[in-house]
Asks: 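Structure provided below as C-alpha cells; questions to follow.
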Amino acid sequence: MDKELKVILCILFVLLGFFVVMWLRFAAFIVSLDNSFAKQDILISPLYLGYLITFASAPIAYLLGMDKSKKNKYRVWGIAIMFPISLPLSYSIGITYSFIVRTPWGTLLMLYIFPLVFIVGVILLLVGIFKKEEIK
C-alpha cells in the first residue's frame, strides 16, 4: 500500500474513532445520567452519527481489502459489517423510520435490522475463513 493510501486510511480511522466516541457518549447518557463520561453536549444528533460511522467504516473496509485475495476481502468486510456498521446503521434506520411514521414504537425496527445485518457480517466472515484459496 502506498503512502497516500496510508494517510487516507489514518485520517478515516481518526474520524471513525471521533464519531464512535461521540456516539458512545450519548449511549452512556441514556443509560446513566450521572456518569462523568456521559454527556449530552455533543453538537450532532446520534441519528446522524450512526450514518457518519457507517459512511466512515465503508471506505476503511474498502481500503483494507484493496489488493487482497477474495478470502481476505470477505474477512475484512465481515468484521467491518459486524462491528462498526451494524449497530449504528440499524439505530439510525430505526430512528429515521420512527420520525417518518411519527411514533416512538417505530424505533423497534432496529431490533429486527441489527440481527439481520450482524448475521450477514458473520456469514461473510465465515465464508472468508472457510473458503478454499483459488489456484491460479
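Not measured: the values here are computed from a predicted model.
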Asks: Restricting to non-hydrogen atoms, name the atom on M110 and the atom on P115 that form the minimum distance, rounded to 0.1 Å.
Replies: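 The answer is O-CD, 4.3 Å.
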Asks: Measuring from atom CG of L52 to atom CE of M22, what distance do you get when rounded to the nearest 0.5 angstrom?
Replies: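 One finds 7.5 Å between CG of L52 and CE of M22.
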Asks: Report the residue from I85, I93, L16 that forms a side-chain contact (heavy atoms from CB on, under 4.5 Å) with T54.
Replies: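 Result for side-chain contact (heavy atoms from CB on, under 4.5 Å) with T54: I85.
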Asks: About how many Å separate NZ of K73 and OH of Y62, when rounded to the nearest 0.5 Å?
Replies: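 The OH atom of Y62 sits 7.0 Å away from the NZ atom of K73.
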Asks: What is the minimum heavy-atom distance between I8 and L63, and which atoms define it?
Replies: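 Between these two residues, the closest heavy atoms are CG2-CD1, 3.8 Å.
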Asks: If you take all heavy atoms of A80 and P84, which pair is closest and at what distance?
Replies: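 Nearest pair, atom of A80 first, then P84: O-CD, 3.0 Å.
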Asks: Starting at CG of D2, measure out to CG of D67 and round the result to the nearest 0.5 Å.
Replies: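 The distance works out to 9.0 Å.
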Asks: What's the spacing between Y97 OH and L108 CG if we round to 0.5 Å?
Replies: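 Output value for this atom pair is 10.5 Å.
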Asks: Can any side-chain N or O of R75 pair as donor or acceptor with the backbone N or O of L125 at less than 3.5 Å?
Replies: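 Not a single qualifying donor-acceptor pair exists.
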Asks: Evaluate the side-chain contact (heavy atoms from CB on, under 4.5 Å) criterion for residues W23 and L87: first the C-alpha distance (whole Å), next the side-chain angles of each, then the deciding distance (0.1 Å), finally the verdict.
Replies: CA-CA 11 Å; W23 194 66; L87 187 59; 3.7 Å; yes
Asks: Is the shortest heavy-atom distance from the side chain of Y91 to the side chain of F114 under 4.5 Å?
Replies: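 No. Closest side-chain heavy atoms not under 4.5 Å.
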Asks: Indicate the atoms forming the closest heavy-atom contact of L5 with M66, along with that distance.
Replies: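 Smallest interatomic distance, heavy atoms only, reads CD1-CE, 3.5 Å.
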Asks: Test side-chain contact (heavy atoms from CB on, under 4.5 Å) on K68 and V76; report intermediate values, then the result.
Replies: CA-CA 10 Å; K68 302 256 171 50; V76 168; 5.9 Å; no
Asks: Any side-chain heavy atom of L47 sitting closer than 4.5 Å to one from S92?
Replies: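 When only atoms from C-beta onward are counted, S92 and L47 do touch, with a gap below 4.5 Å.
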Asks: Please answer whether the main-chain N or O of S86 pairs with a side-chain N or O of S90 as donor and acceptor at a distance below 3.5 Å.
Replies: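 Yes; judged by distance alone, with no hydrogens or angles, the pair exists.
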Asks: Would you kindly say whether T96 and Y51 are connected by a side-chain donor-acceptor distance under 3.5 Å?
Replies: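 The answer is yes; a qualifying pair exists.
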